[in-house]
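Reviewing the structure listed below.
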Number of protein chains: 2
Amino acid sequence: MGLSERQQKIYEFISKFTRDKGRPPTIREIGGHVGISSTSVVNYNLNILAREGLIQREKEVSRGLRVVGQQAKQLLGEIATVQIPLLGKIAAGSPIPLPTEGMTKWDGEMVALTRELIPNEEGLFALQVKGDSMIDALINDGDVVVMKKQEAADNGEMCAVWLKDKNETTLKRIYREKNRVKLQPMNPTMKPFYADARDVRIQGKVMLVVRQLQKLPA
Amino acid sequence: MGLSERQQKIYEFISKFTRDKGRPPTIREIGGHVGISSTSVVNYNLNILAREGLIQREKEVSRGLRVVGQQAKQLLGEIATVQIPLLGKIAAGSPIPLPTEGMTKWDGEMVALTRELIPNEEGLFALQVKGDSMIDALINDGDVVVMKKQEAADNGEMCAVWLKDKNETTLKRIYREKNRVKLQPMNPTMKPFYADARDVRIQGKVMLVVRQLQKLPA
DNA sequence: CTTGACACAGAACAGGTGTTCATGGTATAA
DNA sequence: TTATACCATGAACACCTGTTCTGTGTCAAG
């Protein structure tokens, strides 16, 4: 069922007001901004919006309004986001910075991602790649890699591994064999590489890679 | 200056209440849940929280509270997000789906990203890559590519181009020369490729690439 | 001890706020 | 015409809500 022009204005006002002020408007605030002198008219139209499922009302509660529905999240910016600490840069040959145990609060840069992408932020941290050393992992200069700190990994998982004999960190898919480890580059056209199990140390699992091609205007 | 235990409880309650109910609590609601019978005591502590910059108060307004500060966004999930329509899959050889003019509303799948990554969603759409055909663009099977629809591009920009003679779409960095176009794969170790300017048709600019390594548990 | 800052309790007040009622206009269908 | 649903107006009521005032107790500095 279609909404009257008045109802649309009311709905839009509620959305805007809630987003701007951090709280829903009162009936009289709605009336004042939409051009309705009577509170009962606003109340009447609010009930219609509630019936249409566009808002929720809580009875006998001041500002007991709430915008709901699919657009609401977008409208209010209410989609759950996750903050991940950006621990630093990662370059070829250098050991990657790992989160320390006592690191509860990180006051440096953070990367915000939607929970749609990252359901669980536990043990997660982000690194920005410097240089072309990870091209064979399909990761370019400037890419941001989100990793989960862990020292074990299932076969086939993409991991950051420290190669003791080569003294460098690479990102590879990992497959354990008897007493060696198969390290498969992410690029499926490339050949795998084998290393002694004792020389391989898993530092974390790669969860997500974000590549931003266009830099933002500052 | 440190907060008393009571003030911490109040602050946490305000955050939780606002997130859950979509509106800030009243003074009496705070008192009731924190175990304070007097409204003036709550008011007293709220003023302290306001002085410490943890909340903002609006005078003589019901529920005139607002959690502010860095953690607030995280706490309330208030970080601005952008919704981008996921138009479909893109495979080797097939033309990529482009947004049509009259496409104002898209009822299909959407990709949510933070505005930190995508400042302006105008003309943006997302595609999921199927297959390994874009390996030389450092894009893998399953990656999500966010593009902006446009037919022109500055030199060096990463674009989706339609090659008329080869009858396929590829992602390349584009450099216009006299009457030919240099198409440079994103992989810097690969050699560029030249095409006749008339055979090249720009379909859009690549803004962002997201690669999700670990699939979410459904 | 006195003073003052701090934290708290209780009560009262004025205005804000959701709700409800009586009323009336307008359009459409019977 | 009558009936009915819809939309709107204005007013009144009861409760909610922020504010303010008085008073009490504690604790450290003077």
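Fair warning: this is a prediction, and the values are worked out from it, not measured in the lab. Every chain is numbered from 1, with letters handed out A, B, ... down the list of sequences.
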Under the salt bridge (Lys or Arg N to Asp or Glu O under 4.0 Å) test, residues paired with [X] that sit two or more places apart:
X        : answer
A:Arg6   : none
A:Glu58  : B:Arg23
B:Arg198 : B:Asp196

Pair up each side-chain donor or acceptor in residues 30-38 of chain A with any protein partner under 3.5 Å, not counting sequence neighbours, and list the distances.
residue, atom, partner, partner atom, Å
A:His33, ND1, A:Glu29, O, 3.0
A:Ser38, OG, A:Ser40, N, 3.2
A:Ser38, OG, A:Ser40, OG, 2.9

* Asked: What is the 5' to 3' range of DNA chain D, first to last nucleotide, that sits under 4.0 Å from any heavy atom of chain A?
  ->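 First-to-last contact on DNA chain D, by the 4.0 Å heavy-atom rule, is D:dC6 to D:dT17.
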Only counting residues at least two apart or in another chain, list the ones meeting side-chain hydrogen bond (donor to acceptor under 3.5 Å, both in side chains) with [X].
X        : answer
A:Arg173 : none
A:Asp20  : A:Lys16
A:Ser62  : B:Arg63
A:Asp141 : none

* Identify, residue by residue, the members of residues 36-46 of chain B with a heavy atom below 4.0 Å from DNA chain D, and return them in order of residue number, or none. =>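 Those residues whose heavy atoms fall under 4.0 Å from DNA chain D, taken from residues 36-46 of chain B in numerical order, are B:Thr39, B:Ser40, B:Asn43.
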* Value rounded to 0.5 Å, distance of CD1 in A:Ile174 from NZ in A:Lys205 ->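 Between atom CD1 of A:Ile174 and atom NZ of A:Lys205 there are 12.0 Å.
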* side chain to side chain contact (heavy atoms under 4.5 Å, CB included) involving A:Arg176 - partner list, sequence neighbours excluded ->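 Testing A:Arg176 for side chain to side chain contact (heavy atoms under 4.5 Å, CB included), a comparison that skips the adjacent residues, returns A:Asn155, A:Ile202.
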* Along DNA chain C (nearest heavy atom to each residue), the more 5'-positioned of A:Lys59 and B:Ile48 ->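 The residue mapped nearer the 5' terminus is B:Ile48.
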* Asked: Between B:Arg6 and B:Arg28, which has a closest nucleotide on DNA chain C that is more 5'?
  ->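 The residue whose closest nucleotide sits nearer the 5' end is B:Arg6.
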* **First-last contacting nucleotides on DNA chain C - partner chain B, under 4.0 angstrom, heavy atom** =>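 For DNA chain C, the relevant span reads C:dC6 to C:dT17.
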